[in-house]
Amino acid sequence: MPPEGLSPPDGQPLPDPEQVLREARTKFVASFPQQVLLIERLLQVPDSVGALPEIVRIVHKISGFGGTVGLPTVSARAGDLEELLTGPSETAFDRQQAFDMIAALRDAFARD
């Protein structure tokens with residue numbers, strides 16, 4: 001019996017949290033290569049500063065979900081990249097450093 005206030009809708013059993021986590025991890029792993037490729041493509045745009053909010057959104061999502069689904073190194077590398085991209089606004093981010101960090105993110109994914 002679920003705690004009060006957490007009743008399943010329509011008498012359906014509550015989902016197994018471990019199964020939900022496995023499914024989330026599977027989706028994350030499947031979408032990771034496309035997400036990183038999108039970040040790279042957005043960074044290659046001549047005025048990538050205009051794409052920066054979208055890049056940061058994707059990187060932030062990778063950082064958060066990576067940690068949640070058990071990929072701590074991916075989460076940490078994505079956090080490092082997010083920090084670079086959201087650094088002080090008076091200094092432009094180093095595009096080459098961003099690409100190097102993306103390579104480190106891919107390596108972390110392979111290790112995790």
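Computation of the quantities below employed the complete heavy-atom set of this structure, encompassing side-chain atoms and omitting hydrogens, waters and symmetry-equivalent molecules. Predicted model only: the values in this text are computed from it and were never measured.
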>> Could you check whether any side-chain N or O of Arg95 sits under 3.5 Å from a backbone N or O of Leu43, counting only pairs where one atom can act as donor and the other as acceptor?
In response: yes
>> To check you understand the geometry: which heavy-atom pair defines the closest contact between Ala78 and Ile62, and what is its length?
In response: CB-CG2, 3.8 Å
>> Within the supplied structure, the quantity of interest is the number of heavy atoms (other residues, nucleotides, ligands) at a distance under 6.0 Å from Arg41 CZ; does it exceed 12?
In response: no
> Got a second to check how far Met101's CE is from Asp94's CG, nearest 0.5 Å?
Replying inline: 10.0 Å
>> So Arg22 and Gln19, do their side chains get closer than 4.5 Å, heavy atoms only?
In response: yes
>> I need the minimum non-hydrogen distance between Val20 and Pro15, along with the two atoms involved.
In response: CG2-CB, 3.8 Å
> Within a strict 4.5 Å, meaning less than it, do heavy atoms of the Arg106 and Glu40 side chains meet?
Replying inline: yes
> If only atom types and distance count, is the side chain of Ser63 paired as donor or acceptor with the main-chain N or O of Ser75 below 3.5 Å?
Replying inline: yes
>> Could you check whether any side-chain N or O of Arg25 sits under 3.5 Å from a backbone N or O of Val69, counting only pairs where one atom can act as donor and the other as acceptor?
In response: yes
> Roughly how far, to the nearest 0.5 Å, is CG of Leu81 from CD1 of Ile55?
Replying inline: 8.5 Å
> Is there side-chain contact between Phe28 and Lys61, with heavy atoms separated by less than 4.5 Å?
Replying inline: no
> Looking at Ala30 and Pro33, what are the two nearest heavy atoms and their distance?
Replying inline: O-CD, 3.7 Å
